[in-house]
Amino acid sequence: MRPSANRPPRLLVVDDEYFNFEMLKVALSADFELSYAESGKSCLSSAIANPPDAILLDVCMPGLDGYDTCRMLKNTPETRDIPVVMVSGLESVQEQQAGFDAGCDAYVVKPFSVVELLEKINTVV
């Protein structure tokens with residue numbers, strides 16, 4: 001799924017902390033149209049109803065964590081082709097591998113630079 005030439009790419013930011021969305025909005029809104037989901041469950045329904053060009057997915061969330069949410073996205077026909085960039089404070093090789101095993105397309109460790117995040121997003125979109 002490629003963004004059309006007449007609109008910026010749409011990113012769905014999934015994070016249980018709204019403040020993190022606000023920070024990403026400030027950093028990325030010049031290049032992307034951002035929407036927000038506060039949980040894995042709302043991410044799934046939002047991604048089906050209005051498919052984004054990519055999903056920025058926090059790993060540590062109550063209820064459905066990022067790994068389970070990613071697995072569900074990748075196993076749902078309507079969302080399986082949407083690139084997922086996991087964003088997490090979990091930095092061990094095992095945790096990053098768990099993200100890739102769940103189906104993510106890229107993994108960014110917090111704290112991250114906006115430049116690094118943009119590179120990852122642009123690689124998958």
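Just the heavy atoms: all of them, side chains too, but no hydrogens, waters or symmetry mates, feed the values below. Note that this is a predicted model, so its numbers are computed, not measured.
- M23 and Y18 sit in two unconnected hydrophobic clusters of ILVMFWY residues. Membership requires side-chain heavy atoms under 4.5 Å apart, directly or through other members.
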Just distance, no hydrogens or angles: give the donor-acceptor pairs under 3.5 Å from side chains in residues 32-41, sequence neighbours left out.
| from | atom 1 | to | atom 2 | distance (Å) |
| --- | --- | --- | --- | --- |
| Y36 | OH | D15 | O | 2.7 |
| S39 | OG | S42 | N | 3.1 |
| S39 | OG | S42 | OG | 3.1 |

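- In plain terms, the two heavy atoms of T79 and A47 that are nearest each other are CG2-CB, 3.8 Å.
- For S92 (side chain) and E95 (main-chain N/O), a donor-acceptor pair under 3.5 Å exists by modelled atom type.
- When side chains are defined from C-beta on, E22 does not count as touching V26, because their heavy atoms never get closer than 4.5 Å.
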- prompt: Please walk me through it: do T123 and K120 pass side-chain contact (heavy atoms from CB on, under 4.5 Å)?
  reply: CA-CA 5 Å; T123 300; K120 297 279 187 178; 5.6 Å; no
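- Residues S45 and I48 fail the side-chain proximity criterion, which asks for heavy atoms closer than 4.5 Å.
- A donor-acceptor distance shorter than 3.5 angstrom exists from the side chain of R10 to the backbone of P51, with no hydrogens or angles considered.
- Two residues are said to be in side-chain contact when any heavy atoms from C-beta on lie closer than 4.5 Å; L117 and L28 meet this criterion.
- Side-chain contact check for L57 versus V87: every heavy-atom pair is 4.5 Å or farther apart.
- Taking 4.5 Å as the limit, every side-chain heavy atom of L11 sits out of range of all side-chain heavy atoms of L24.
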query: Can D105 and M86 be said to form a side-chain contact (heavy atoms from CB on, under 4.5 Å), step by step?
result: CA-CA 8 Å; D105 299 275; M86 288 197 146; over 6 Å; no
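- Expressed to the nearest 0.5 Å, how far NZ of K74 lies from CE of M72 amounts to 14.5 Å.
- The minimum heavy-atom distance between C43 and L12, with the atom names listed, is O-CD2, 3.9 Å.
- Side chains of N20 and E17 form a contact here, defined as non-hydrogen atoms less than 4.5 Å apart.
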task: With salt bridge (Lys or Arg N to Asp or Glu O under 4.0 Å) as the test, would you mind laying out the steps for R7 and D53 before giving the verdict?
output: CA-CA 11 Å; R7 71 161 174 82; D53 296 302; 2.8 Å; yes
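- With D58 as the fixed residue, the side chain to side chain contact (heavy atoms under 4.5 Å, CB included) test singles out one of D16, V14, D65: D16.
- With hydrogens and angles disregarded, no donor-acceptor distance shorter than 3.5 Å links the side chain of Y107 to the backbone of S88.
- The shortest side-chain heavy-atom distance between L73 and V84 falls under the 4.5 Å cut-off.
- The distance from the CG atom of D68 to the CE atom of M61 is 9.5 Å, given to the nearest 0.5 Å.
- The two residues C104 and C70 come nearest to each other via the heavy atoms N-SG, 3.4 Å.
- Between the side chain of N75 and the backbone N or O of R71 there is at least one donor-acceptor pair closer than 3.5 Å.
- In this structure K25 satisfies the side-chain hydrogen bond (donor to acceptor under 3.5 Å, both in side chains) test with no other residue, sequence neighbours excluded.
- Between L44 and L64 there is a side-chain heavy-atom pair separated by less than 4.5 Å.
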